[in-house]
A.B. asks: 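I'd like to ask some things about the structure below.
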Amino acid sequence: MREITFAEALGEAMLEEMERDPTIFTYGEDIAKQGGIFGQYKSLLGKFKDRVIDTPISEEVIYGSALGAALVGMRPVVEFHFADFIFTGITSIVNQIMKFKHMTGGQGKIRVVLRGPDGVAKSAAAQHSESIETIFMHIPGIFVVIPSTPYDMKGLLKTALRCDDPVIIFEHKMLYKIKGPVPEEEYFIPFGKADIKREGKDVTVVATSRMVHESLKAAEELEKEGIDVEVIDLRTLVPWDKECVINSVKKTHHLVIAHETWKRAGWGAEVAATVQEMAFDYLDAPIIRVGAKNVHIAFSPPLQDYIVPDYKSVIDAVRRVLNV
Amino acid sequence: MSDYSKEFLQSLYRTMVRIRVFELKAEELFLQGKLPGFIHLYIGEEAIATGAMANLRKDDYITSTHRGHGHMIAKGASMDRMMAELYGKKTGYCKGKGGSMHIADVSIGVLGANGEVGGGLPIAVGAAMGLKMQKKDSVVISFFGDGASNRGSFHESLNWASVYNLPVIFICENNQFASTARFKETTSVENISDRAVAYSMKGITIDGNNVLEVYETVKEAVYRARNGGGPTLIEAKTYRIKGHFVGDPMLYRDQKEVEEFWKKEPIGRFENYLFENGFMNNQEKESIWQEANKEVETAVKFAEESEYPEPKEALEDLFENDTGYDYF
Ligand SMILES: Cc1ncc(C[n+]2csc(CCOP(=O)(O)OP(=O)(O)O)c2C)c(N)n1
């Protein structure tokens, strides 16, 4: 199968769906003339002149206008530039987009896709490094997508672009350039369906985004020691695939959860609590969570590396959970 | 002024009366403890919604505020379903999930009242953008208060509407108060319409208690918006006769001031105009009030006889397609 980058897969999904559906349009900062600061929209450069728009730096309106546009029959795809800046317009997302349907008793089709870069990049420092996906898992009203491979990116975005509800997609900055197999034929990946990225029988590692890759790397290392790790990529946090995780735990009896966002009250806490509620008897050891230390992401490389987890953190957690 | 037909003028009067009667009833019901939550009354400001909406078609849109009953009624919302919503009944506009501050009827172009001050402006701008992209000639009116004009969403929305030349009319209902805060003590300009300069759009301050002045001003703005002329900021000066919400002790103002403004309230004022110019007689006036009262009584009956939602209905309506979504 041909291999393309994560950014290219994203662009392909946008291109295909925009050609199909004239109500799709996309806007944000630095996307029309630049194709996105990570090249994520390169495929759209010069195409759909009136449907790919550079906007003022007005986050409250970027998000709030998406709701208005959706309510009159459009399908806006909004780029949030950097996940950190979502906070400058968070009210339009949480108080308007995410609440509108429920609070009006089911009115409107809120076909809004919010997407953009998140996660720790090399020395991007505190205001350009946040992984804030957990917040949207906590508050009801939006589907939360967090892909780790080009294949998943394309399939999940295609699903988002046909969804009649709000969707937010977190694309890790360090993943835009990675390559992977993506078929030429059309396909879709449903929300709420985790992917077992590596089968194993000794321990389950549940991860998302960049930490899926770190976990796979950890699994390779551990294999040399005869430890067989199963790596589950949740792919979507709302909804998340409880069944897949529980079934895996029933098989391996050990669970490690690995995410890049802060460990304290990160989404791993939700997964751990749920597994504890639903499959306590199958666990041979306490669940271990891997996450960033509860401090802002620092600039200096040794500081950043100390704060943010990587494959070594996963290896360490697996050893601890197996008591080896 | 004689260009107006008697029917048209009476229809403006009727709309104002219907709003007034609905709200007096809501106030009464709230004080009787029949309505949960909060009620923010529009009493004294009816001329703005009425005069503005008289220019709109069904396929035009509005965004409203926490003080939105008047906008809803003027845009054609049903009193039955509004009242049922105030009661928290299943038959209400939001099936009891929204209440007074969240009434919406997308099918008649009401893109929601809003519990967040200033929350409607970005939505209006987006609707206008969507309509323009679809090459429709519909327009959007966004209502908001003087307090909202101090929020970022106001400034971002005006800039945005101007940059993209959108068919949107911003109507600031300057009722002199933001909750307990006086306009003059919290706002940097004498007239909110002065701020239009900063966004290169036309700004105009009018007497918001004169329904015909509102009608004419909005008419021009709607014409401009419909024909590609872009946004307008209209500031309608008015006065909030009632408290911020029903039950507000109003320690921040003198009752004398309120009495002064009762003399300038829009319905009595317009009534004088209609009488003096022979557009309405006493009998017609009586029947307009009677009809409105009857409509409200029917709405109350409808609301009272309606069922409360089943508790588990709280889990409905979060998503259009909630397959696989886990509510717990
Ligand atoms: C963002 C936000 N801040 C504060 C409030 C609380 N609040 C509700 S109404 C109000 C005053 C609003 O004043 P204005 O915009 O002038 O509208 P008015 O009530 O006078 O119609 C305040 C402060 C709110 N609902 N939303």
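Proteins come first, then strands; the chains are lettered A, B, ... in the order of their sequence lines, and each starts at number 1. Everything quoted here is computed from the prediction, not taken from an experiment.
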A.B. asks: D164(A) versus chain B, heavy atoms under 4.5 Å apart: side chain, backbone, both or neither?
C.D. replies: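 For D164(A), backbone and side chain are both near chain B.
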A.B. asks: Can you tell me which portion of F191(A) sits under 4.5 Å from chain B's heavy atoms? Options are side chain, backbone, both or neither.
C.D. replies: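 For F191(A), there is no contact with chain B at all, as no heavy atom is under 4.5 Å.
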A.B. asks: Hey, could you give me the OG/CG distance between S65(A) and L121(B), rounded to the nearest 0.5 Å?
C.D. replies: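 Atom-to-atom, S65(A):OG and L121(B):CG are 12.0 Å apart.
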A.B. asks: Looking at C94(B), A128(B), G92(B), which has the largest count of heavy-atom pairs under 4.5 Å with chain A?
C.D. replies: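 Looking at each of C94(B), A128(B), G92(B) in turn, C94(B) comes out on top.
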A.B. asks: Is chain B contacted by the side chain of K242(A), its backbone, both, or neither, given a heavy-atom distance below 4.5 Å?
C.D. replies: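 It is the side chain, since no backbone atom gets that close.
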A.B. asks: I'd like to verify something: which residue of W160(B), Y93(B), Y325(B) has the highest number of heavy-atom pairs under 4.5 Å with chain A?
C.D. replies: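 Most pairs with chain A among the choices: W160(B).
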A.B. asks: Which pair of heavy atoms, one from E116(B) and one from E60(A), lies closest together, and at what distance?
C.D. replies: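 It is OE2-OE1, 4.4 Å.
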A.B. asks: Walk me through whether Y164(B) and T55(A) qualify under side chain to side chain contact (heavy atoms under 4.5 Å, CB included).
C.D. replies: CA-CA 9 Å; Y164(B) 297 112; T55(A) 69; 3.8 Å; yes
A.B. asks: Say you draw a straight line from CE of M74(A) to CE of M129(B); how long is it, rounded to the nearest 0.5 Å?
C.D. replies: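 Reported to 0.5 Å precision, the distance equals 8.5 Å.
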A.B. asks: Report which part of I62(A) has an atom under 4.5 Å of a heavy atom belonging to chain B: side chain, backbone, both, or neither.
C.D. replies: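 Both backbone and side chain of I62(A) come within 4.5 Å of chain B.
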A.B. asks: Does any heavy atom of chain A fall under 4.5 Å from the side chain of M101(B), the backbone, both, or neither of them?
C.D. replies: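 Neither the backbone nor the side chain of M101(B) comes within 4.5 Å of chain A.
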A.B. asks: Checking side chain to side chain contact (heavy atoms under 4.5 Å, CB included) for the pair F100(A)/H102(B): CA distance, chi angles, key distance, verdict?
C.D. replies: CA-CA 9 Å; F100(A) 187 89; H102(B) 299 303; over 6 Å; no
A.B. asks: Hey, which of C163(A), P166(A), G106(A), G192(A) has the most heavy atom pairs under 4.5 Å with chain B?
C.D. replies: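 When all of C163(A), P166(A), G106(A), G192(A) are compared, G106(A) has the most.
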A.B. asks: Heavy-atom distance under 4.5 Å to chain A: side chain of F328(B), backbone, both or neither?
C.D. replies: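 Contact with chain A involves the backbone of F328(B) alone.
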A.B. asks: When you look at CD of Q127(A), are more than 12 heavy atoms from neighbouring residues, nucleotides or ligands closer to it than 6.0 Å?
C.D. replies: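 It does not: Q127(A) CD has 12 such atoms or fewer within range.
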A.B. asks: In terms of heavy-atom proximity below 4.5 Å to chain B, should F143(A) be classed as side chain, backbone, both, or neither?
C.D. replies: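 Both backbone and side chain of F143(A) come within 4.5 Å of chain B.
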A.B. asks: Considering only heavy atoms, which portion of Y327(B) lies under 4.5 Å from any heavy atom of chain A: side chain, backbone, both, or neither?
C.D. replies: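 No part of Y327(B) comes within 4.5 Å of chain A.
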A.B. asks: Decide if atom CD of E19(A) counts as having more than 12 heavy atoms of other residues, nucleotides or ligands within a radius under 6.0 Å.
C.D. replies: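 Enclosed.
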A.B. asks: Find the one option among K90(B), K97(B), E316(B) whose heavy-atom pairs under 4.5 Å with chain A are most numerous.
C.D. replies: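 It is K97(B).
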A.B. asks: I'd like to know if the side chain of Q96(A) pairs up with that of N114(B) as donor and acceptor (distance under 3.5 Å, no hydrogens or angles considered).
C.D. replies: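 Per modelled atom types, Q96(A) and N114(B) side chains form a pair under 3.5 Å.
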A.B. asks: Is the backbone N or O of A104(B) less than 3.5 Å from a side-chain atom of Q107(A), with the two atoms forming a donor-acceptor pair by type?
C.D. replies: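 Yes, Q107(A) side chain to A104(B) backbone: donor-acceptor pair under 3.5 Å.
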A.B. asks: Between the side chain of H102(A) and the main-chain N/O of A314(B), is any donor-acceptor distance below 3.5 Å?
C.D. replies: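 Side chain of H102(A) to backbone of A314(B), a donor-acceptor pair under 3.5 Å: yes, one is there.
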A.B. asks: So, does K95(B) use its side chain to make a donor-acceptor pair with the main chain of G105(A) at under 3.5 Å?
C.D. replies: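 Yes; judged by distance alone, with no hydrogens or angles, the pair exists.
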A.B. asks: Taking 4.0 angstrom as the limit, do R111(A) and E320(B) come out as a salt bridge?
C.D. replies: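 Looking at R111(A) and E320(B), the cut-off is not met.
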A.B. asks: A side-chain contact here means heavy atoms from C-beta on lying under 4.5 Å apart; do L318(B) and K101(A) qualify?
C.D. replies: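 The answer is no, as the side chains (C-beta and beyond) never meet within the 4.5 Å cut-off.
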A.B. asks: Please report the closest heavy-atom contact between T91(A) and R151(B), naming both atoms and the distance.
C.D. replies: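 So the minimum-distance heavy-atom pair works out to CG2-NH2, 3.9 Å.
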A.B. asks: Looking at T63(B), D322(B), V106(B), which has the largest count of heavy-atom pairs under 4.5 Å with chain A?
C.D. replies: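 Result: the option with the highest number of such pairs is V106(B).
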A.B. asks: At a 4.5 Å cut-off on heavy atoms, which part of T23(A) comes close to chain B: side chain, backbone, both, or neither?
C.D. replies: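 Contact with chain B: none, neither part.
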A.B. asks: Which region of E85(B), side chain (C-beta onward) or backbone (N, CA, C, O), has a non-hydrogen atom less than 4.5 Å from a non-hydrogen atom of chain A, or is it both or neither?
C.D. replies: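 No part of it gets close to chain A.
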A.B. asks: Under 4.5 Å, counting heavy-atom pairs only, tell me which of V72(A), L71(A), I57(A) racks up the most with chain B.
C.D. replies: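 The option with the most such pairs is V72(A).
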A.B. asks: Using a cut-off of under 4.5 Å on heavy-atom pairs, state which of S153(B), P309(B), S157(B), G120(B) scores highest against chain A.
C.D. replies: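 Among the listed options, the one with the most contacts to chain A is S153(B).
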A.B. asks: Counting only heavy atoms not in Y223(B) (residues, nucleotides, ligands), do more than 12 fall under 6.0 Å from its OH?
C.D. replies: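 Incorrect, the count does not exceed 12.
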A.B. asks: Any donor-acceptor pair under 3.5 Å linking the side chain of D165(A) with the backbone of N321(B)?
C.D. replies: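 Side chain of D165(A) to backbone of N321(B): a pair is present.
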